[in-house]
Amino acid sequence: MFNFARIRGGIHPAAHKDRSAALPIGSLPLPPRLYLPLRQHAGAEALPLVRVGDHVLKGQLIAGSPAEMSAPIHAPSSGTIVEIGPILAPHPSGLTVNGMVIECDGEDRWIELDVPANPFDESPLRLAERVAQAGIVGMGGAIFPAAVKLKQGTKHEIKTVLLNGSECEPYLTTDDRLMRERAEAIVDGARLIQHILRAYRVVIAIEDNKPEALAAMRAASEPFGAIEVEAVPALYPMGSAKQLIQTITGREVPAEGRSTSVGVLVHNVGTVYAIQQALRHGRPLISRVVTVAGSCVSNPRNLEVLIGTPAQALFDACGGLAREPQRLLLGGPMMGVTLPSLQAPVIKGATGLLALAPHELRNDEASPCIRCASCVDACPMGLLPLEMAARAKVDDLDGASDYGLRDCILCGCCSYVCPSHIPLVQYFQYAMGQQDERRSAARKSEQIKQLTESRAARLAAEEAAKAAAKAAKAAAKRKPAPQASSEVES
């Protein structure tokens with residue numbers, strides 16, 4: 001019997017998973033156009049490698065990575081690049097971002113793929129590079145470039161590869177259906193990651209409210225003794241990496257630390273499946289499974305869709321909207337973002353597309369804090385949300401940081417349990433955004449300072465060189481000319 005470590009706090013929100021989990025993963029027709037933001041990942045924005053008017057094939061590289069902390073973009077289908085510039089962002093602001101638009105030709109023709117004969121015969125570094133070239137990011141919503149995490153194996157001793165199949169957010173069932181239907185591929189991907197990291201063991205953690213997924217993954221893992229499948233308690237936010245690590249290993253990731261510091265690397269099962277597809281079949285990340293759910297959706301289910309597909313196409317494939325939604329969300333109800341329009345595209349980190357009615361939302365107006373400490377009890381990180389929010393509200397960013405703002409995972413547990421309906425997470429998001437701007441301004445100021453100092457040093461060196469040349473010239477003029485020798489008569 002596996003002995004689990006108890007994590008702090010957590011909540012048990014209503015799951016709302018039954019309807020979308022009941023049906024197998026479906027597909028939808030090829031949309032007329034695909035809208036691809038150039039930043040669908042943590043890190044630097046991808047740079048276009050094509051021009052307007054270029055014809056591209058499915059899987060073709062169309063935007064490259066300018067830095068290691070980035071991810072390339074590939075064409076999800078064949079067609080013509082009709083626009084490169086501002087496109088609607090899947091973000092509450094409704095603002096535009098840099099992107100490109102592909103007008104599909106309907107042929108869906110693949111580029112010739114580079115398929116390794118046997119991935120296990122290739123070096124770990126080469127396999128990690130293949131993952132980078134495939135543009136794979138964290139599919140659970142974190143959108144961290146997967147290859148950057150895999151390369152940590154060359155810097156740290158990774159003892160355990162932890163596959164995150166908990167999927168604790170309400171409504172979302174993408175990982176559940178993926179594990180039920182593609183268990184063998186996920187296990188194969190886990191073995192490839194273990195080979196890359198040279199890890200001792202692999203643990204696949206799945207919440208105990210997913211019996212079919214547990215059975216499928218155990219059956220697929222049975223031939224491989226080094227792979228364990230464990231049922232963890234259904235508790236939000238069990239899907240957070242730090243909470244899952246503590247539950248499985250009993251070790252706590254230090255404040256502001258990374259999982260590698262305790263010898264563990266965590267990957268979402270969807271990410272592992274994408275890695276397997278890249279290393280076994282040479283396929284870049286151009287599609288993903290998305291949960292389409294909410295009481296306003298006629299027939300909730302999971303769909304495998306091309307990256308860049310407008311949200312409207314997903315709702316149409318599910319029978320349309322039965323009623324006008326109060327809110328559209330990209331992701332889950334706890335950590336997802338409001339979708340500004342049905343024309344906003346699906347991106348790599350889009351786990352769900354929810355159309356929620358008023359009764360599924362908390363619309364109560366906020367009232368003053370009553371100091372009940374419910375948020376403190378619920379916080380899985382052991383923080384003091386009420387104190388952080390009080391300081392963030394008055395722009396005391398340093399004070400909020402002193403109370404552990406950097407360790408907040410924005411899970412929303414505190415807001416969920418607050419009897420005063422205070423939007424605590426919004427305060428934390430605001431404070432984090434302000435801190436990012438402050439750090440960005442500080443970096444920019446430091447860069448300007450360095451450039452100014454470099455310019456001053458260069459000008460000083462040039463002046464010194466000119467002065468030296470001038471002095472040398474003057475010295476040459478002052479030096480008497482040598483006298484010609486004369487013959488002396490004997």
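Because the structure is predicted, anything quoted here is derived from the model rather than measured. Counting from 1, the numbers follow the sequence of the chain as shown.
In this structure a side-chain-to-backbone donor-acceptor pair under 3.5 Å is present from Glu169 to Met334. Proximity of a side-chain donor or acceptor of Asn302 to a complementary backbone N or O of Ser20 within less than 3.5 Å is detected. Proximity of a side-chain donor or acceptor of Tyr35 to a complementary backbone N or O of Gln343 within less than 3.5 Å is not detected. Without hydrogens or angle criteria, Arg33 side chain to Val101 main chain gives no donor-acceptor distance under 3.5 Å. Thr309 places no side-chain N or O within donor-acceptor distance of the main-chain N or O of Val305, the cut-off being under 3.5 Å. A distance-only check finds no donor-acceptor pair linking the side chain of Arg19 to the backbone of Arg301 [under 3.5 Å]. At least one donor-acceptor pair under 3.5 Å links the side chain of Glu167 to the backbone N or O of Asp176. Asn164 places a side-chain N or O within 3.5 Å of a backbone atom of Ser166 that can act as its donor or acceptor partner. Here the side chain of Thr291 pairs no donor or acceptor atom with the backbone of Leu172 at under 3.5 angstrom. Distance alone, capped at 3.5 Å, places no donor-acceptor pair between the His12 side chain and the Ala15 backbone.
In this structure, a donor-acceptor pair under 3.5 Å is present between the side chains of Ser78 and Asp105.
Here the closest heavy-atom approach between residue Ser240 and residue Ile409 is recorded as OG-CD1, 3.5 Å. Here the closest non-hydrogen pair linking Gly140 and Thr271 is N-OG1, 4.4 Å. The minimum heavy-atom distance linking Val425 with Gly412 is given by the pair CG2-CA, 3.4 Å. The two residues Val82 and Glu103 have their closest heavy-atom pair at CG1-CB, 3.6 Å. The shortest heavy-atom contact between Ala213 and Ile206 is O-CD1, 4.1 Å. Minimum interatomic distance between Arg280 and Val115 (heavy atoms only, all atoms of both residues): O-CG1, 3.3 Å.
Note on residues 323-351: no pairs pass salt bridge (charged side-chain N to carboxylate O under 4.0 Å, His left out), not counting sequence neighbours. Within the structure, salt bridge (charged side-chain N to carboxylate O under 4.0 Å, His left out) contacts touching residues 202-214 (residues at least two apart or in different chains) are Arg180-Glu212, Glu207-Lys210.
Crowding of Gln434 atom CD: a count of heavy atoms from other residues, nucleotides or ligands under 6.0 Å exceeding 12. Summarising the local packing, CZ of Arg218 is surrounded by more than 12 heavy atoms from other residues, nucleotides or ligands at distances under 6.0 Å. No more than 12 heavy atoms of other residues, nucleotides or ligands shown are found within 6.0 angstrom of CG on Asp18.
How far CG of Leu192 is from CD of Glu122: 10.5 Å, rounded to the nearest 0.5 Å. From Asp316, atom CG reaches atom CD of Gln312 across 4.5 Å, with rounding to the nearest 0.5 Å. Atom OG of residue Ser259 and atom CG of residue Leu244 lie 10.5 Å apart, to the nearest 0.5 angstrom. The CG atom of Leu61 sits 4.5 Å away from atom NE2 of His74, with the distance rounded to the nearest 0.5 Å. Here the CD1-CD1 distance, from Ile7 to Ile245, works out to 12.0 Å after rounding to the nearest 0.5 Å. Ile25 contributes atom CD1, which lies 9.0 Å from atom OG1 of Thr173 (distance to the nearest 0.5 angstrom).
Looking at residues two or more places apart in sequence or on another chain, you find no salt bridge (charged side-chain N to carboxylate O under 4.0 Å, His left out) involving Glu360.
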Legend entry - Derivation of the side chain to side chain contact (heavy atoms under 4.5 Å, CB included) call for Val131 and Ile275: CA-CA 6 Å; Val131 172; Ile275 290 172; 4.0 Å; yes
Legend entry - side chain to side chain contact (heavy atoms under 4.5 Å, CB included) between Met179 and Ile186, worked out: CA-CA 7 Å; Met179 289 186 289; Ile186 294 172; 4.0 Å; yes
Inset, instruction - Before giving the answer on side chain to side chain contact (heavy atoms under 4.5 Å, CB included), spell out for Ile73 and Gln40 the whole-Å C-alpha distance, their side-chain angles and the decisive distance to 0.1 Å. - result: CA-CA 9 Å; Ile73 308 291; Gln40 302 184 41; 3.9 Å; yes
Legend entry - Derivation of the side chain to side chain contact (heavy atoms under 4.5 Å, CB included) call for Val50 and Met100: CA-CA 10 Å; Val50 292; Met100 54 181 66; 4.3 Å; yes
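Between Thr96 and Ile87 there is no side-chain heavy-atom pair separated by less than 4.5 Å. Side-chain contact between Ile111 and Leu113: present, with at least one pair of heavy atoms (C-beta onward) separated by less than 4.5 Å. No side-chain heavy atom of Leu57 sits less than 4.5 Å from a side-chain heavy atom of Glu112.
Salt-bridge annotation for Glu304 and Arg288: absent, with no side-chain N of the basic residue lying under 4.0 Å from a carboxylate O of the acidic one. Contact check on Arg51 versus Asp54 returns no salt bridge, with no Lys/Arg side-chain nitrogen under 4.0 Å from an Asp/Glu carboxylate oxygen.
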